[in-house]
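We name chains A, B, ... by the order of the sequence lines, and we start the count at 1 in each one. Note that the coordinates shown come from a computational prediction; the quantities given were computed from them, not determined experimentally.
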2 protein chains.
Amino acid sequence: MKNNEYKHCGLNVALTILSGKWKPMILYYISHTPEMRFTELWRIIPKITKKVLLDQLKQLEADGLILRQEKSGFPPEVSYQISEKGHALSPVLSALEEWANVHVSEKVEQFEQESGTRRWRRNGR
Amino acid sequence: MKNNEYKHCGLNVALTILSGKWKPMILYYISHTPEMRFTELWRIIPKITKKVLLDQLKQLEADGLILRQEKSGFPPEVSYQISEKGHALSPVLSALEEWANVHVSEKVEQFEQESGTRRWRRNGR
DNA sequence: CAGTATCCGACCGGATACTG
DNA sequence: CAGTATCCGGTCGGATACTG
């Protein structure tokens, strides 16, 4: 094989975008609800801190996977929704999910139990 | 939406397995060659250190995506190949790649230029 | 309600040197 | 050739307190 045939940078980009401890979960909830408010999201995701939730929401928004909508007034009212790009990604994520369930089911079960002690992220932004 | 409907742990597992700065590239090269030797891999991946290459190879092997084969004798001769699981993953990775090229092409181009200064990983193992 | 502002510790990628 | 052994620094996730 010749050197440097690797040009699959898109894969790296996609994985980078998806990297963040809570991003898949955030994406899941946002894509399954027409309008998800910040506090609601914060309530249903166990143990996440507001700062981290904000961080990951900002990244997802910056990458164009979700949309942020702010209604003026007080108290503030912000809701998030899935974008076109984000929506286009979901079948791919389902495929990944499916692959894991078929090929590494032990790890999935194990993961379900730990659930919460898991750490992970990706650097680079 | 009711709470805790999120059960897509497989997605988390899959992303965790794929997380590592060089893993997609390693996977690419290994899956496109019948037998890839350690030093060869080290040569064609720019700038990776042996320690990091070993780390990521060990993780990929532990997760069952690649196989390690060691021939006895001296000097040592080790080669890596893609496994069944790893092979089953490649269409999904192509889909991810495709998504990125269609939906975040700017970032992909940008990434191609930086190429090398990029950092990322995922914790939790 | 939906954020900021700080501070902190863990972990991962990287550099360098050494070895069976 | 294919690894180990150390050490280091940056980054991200997390905790806590404060604010428009």
Original post:
Does Lys50(B) have a side-chain nitrogen or oxygen under 4.0 Å from the phosphate oxygens OP1 or OP2 of dC18(C)?
Top reply: no
Original post:
Heavy atoms, side chains only, cut-off 4.5 Å: are Leu15(B) and Pro24(A) in contact?
Top reply: yes
**OP:** For dA2(D), take OP1 and OP2 only and decide whether either is under 4.0 Å from a side-chain N or O of Arg43(B).
**Re:** no
Subject >> Rounded interatomic separation in angstrom, taking CG from Leu54(A) and C1' from dT16(D) >> reply: 15 Å
Subject >> Complementary nucleotide of dA17(C), counting Watson-Crick and G-U pairs under 3.5 Å >> reply: dT4(D)
**OP:** Output, in order, the C-alpha distance, side-chain angles, deciding distance and verdict of salt bridge (Lys or Arg N to Asp or Glu O under 4.0 Å) for Lys107(B) and Glu112(B).
**Re:** CA-CA 9 Å; Lys107(B) 287 177 208 284; Glu112(B) 283 172 6; over 6 Å; no
Original post:
Taking the side chain of Pro76(A) as heavy atoms from C-beta outward, which of dC1(C), dA2(D), dG3(D) is closest to it?
Top reply: dC1(C)
Original post:
Looking at Tyr80(A), does any N or O in its side chain come under 4.0 Å of the phosphate oxygens OP1/OP2 on dA2(C)?
Top reply: no
Subject >> Glu61(A) and Lys58(A) ion-paired at < 4.0 Å >> reply: no
Subject >> Residue met sooner reading DNA chain C from 5', once Phe74(B) and Ser79(A) are mapped to nucleotides >> reply: Ser79(A)
Subject >> Arg68(A) side chain, from C-beta outward: closest of dA15(D), dG3(C), dG20(C) >> reply: dG3(C)
Original post:
Looking only at side chains, do Lys23(A) and Gln59(A) share a donor and an acceptor under 3.5 Å apart?
Top reply: yes
Original post:
Closest to the Phe38(B) side chain: dA15(C), dA15(D), dA2(D)?
Top reply: dA2(D)
**OP:** Check the distance between dA5(C)'s C1' and Lys58(A)'s NZ and give it to me in whole angstrom.
**Re:** 11 Å
Original post:
NZ of Lys21(B) versus P of dT11(D): gap in Å, rounded?
Top reply: 11 Å
**OP:** Find which nucleotide of DNA chain D each of Pro75(B) and Ile48(A) is nearest to by heavy atoms, and output the residue with the more 5' nucleotide.
**Re:** Pro75(B)
Original post:
Counting side-chain heavy atoms from CB outward, which of dG20(C), dG14(C), dA2(D) is closest to Trp22(B)?
Top reply: dG14(C)
Subject >> Protein-nucleotide distance (Glu40(B), atom CD; dA2(D), atom P), rounded to Å >> reply: 10 Å
Subject >> Out of dG13(C), dA15(D), dA2(C), whichever nucleotide has its closest atom nearest the side chain of Val52(B) >> reply: dG13(C)
Original post:
Rounding to a whole Å, what distance do you find between Glu77(B):CD and dA2(D):C1'?
Top reply: 11 Å
**OP:** Quickly work out the Lys51(B) NZ to dT6(D) P distance and round it to whole Å.
**Re:** 13 Å
Original post:
Looking only at side-chain N and O atoms, does Arg37(A) come under 4.0 Å of OP1 or OP2 in dA2(C)?
Top reply: yes
Subject >> NZ/NE/NH1/NH2 to OD/OE distance under 4.0 Å, Glu35(A) and Lys71(A) >> reply: yes
Subject >> Whole angstrom value for the distance that separates P of dG13(C) from CG of Leu57(B) >> reply: 13 Å
**OP:** Would you indicate, yes or no, if dG3(D) has its OP1 or OP2 atom less than 4.0 angstrom from a side-chain nitrogen or oxygen of Trp42(B)?
**Re:** no
Original post:
Asp55(B) has an atom CG; how far is it from atom P of dG3(D), in whole Å?
Top reply: 12 Å
Original post:
Does dT11(D) have a Watson-Crick or wobble partner in any strand here, with both distances under 3.5 angstrom, and which is it?
Top reply: dA10(C)
Original post:
Are side-chain heavy atoms of Val13(B) and Asn101(A) found at a separation under 4.5 Å?
Top reply: no
Original post:
Reckon Thr39(B) has a side-chain N or O less than 4.0 Å from the OP1 or OP2 of dA2(D)?
Top reply: yes
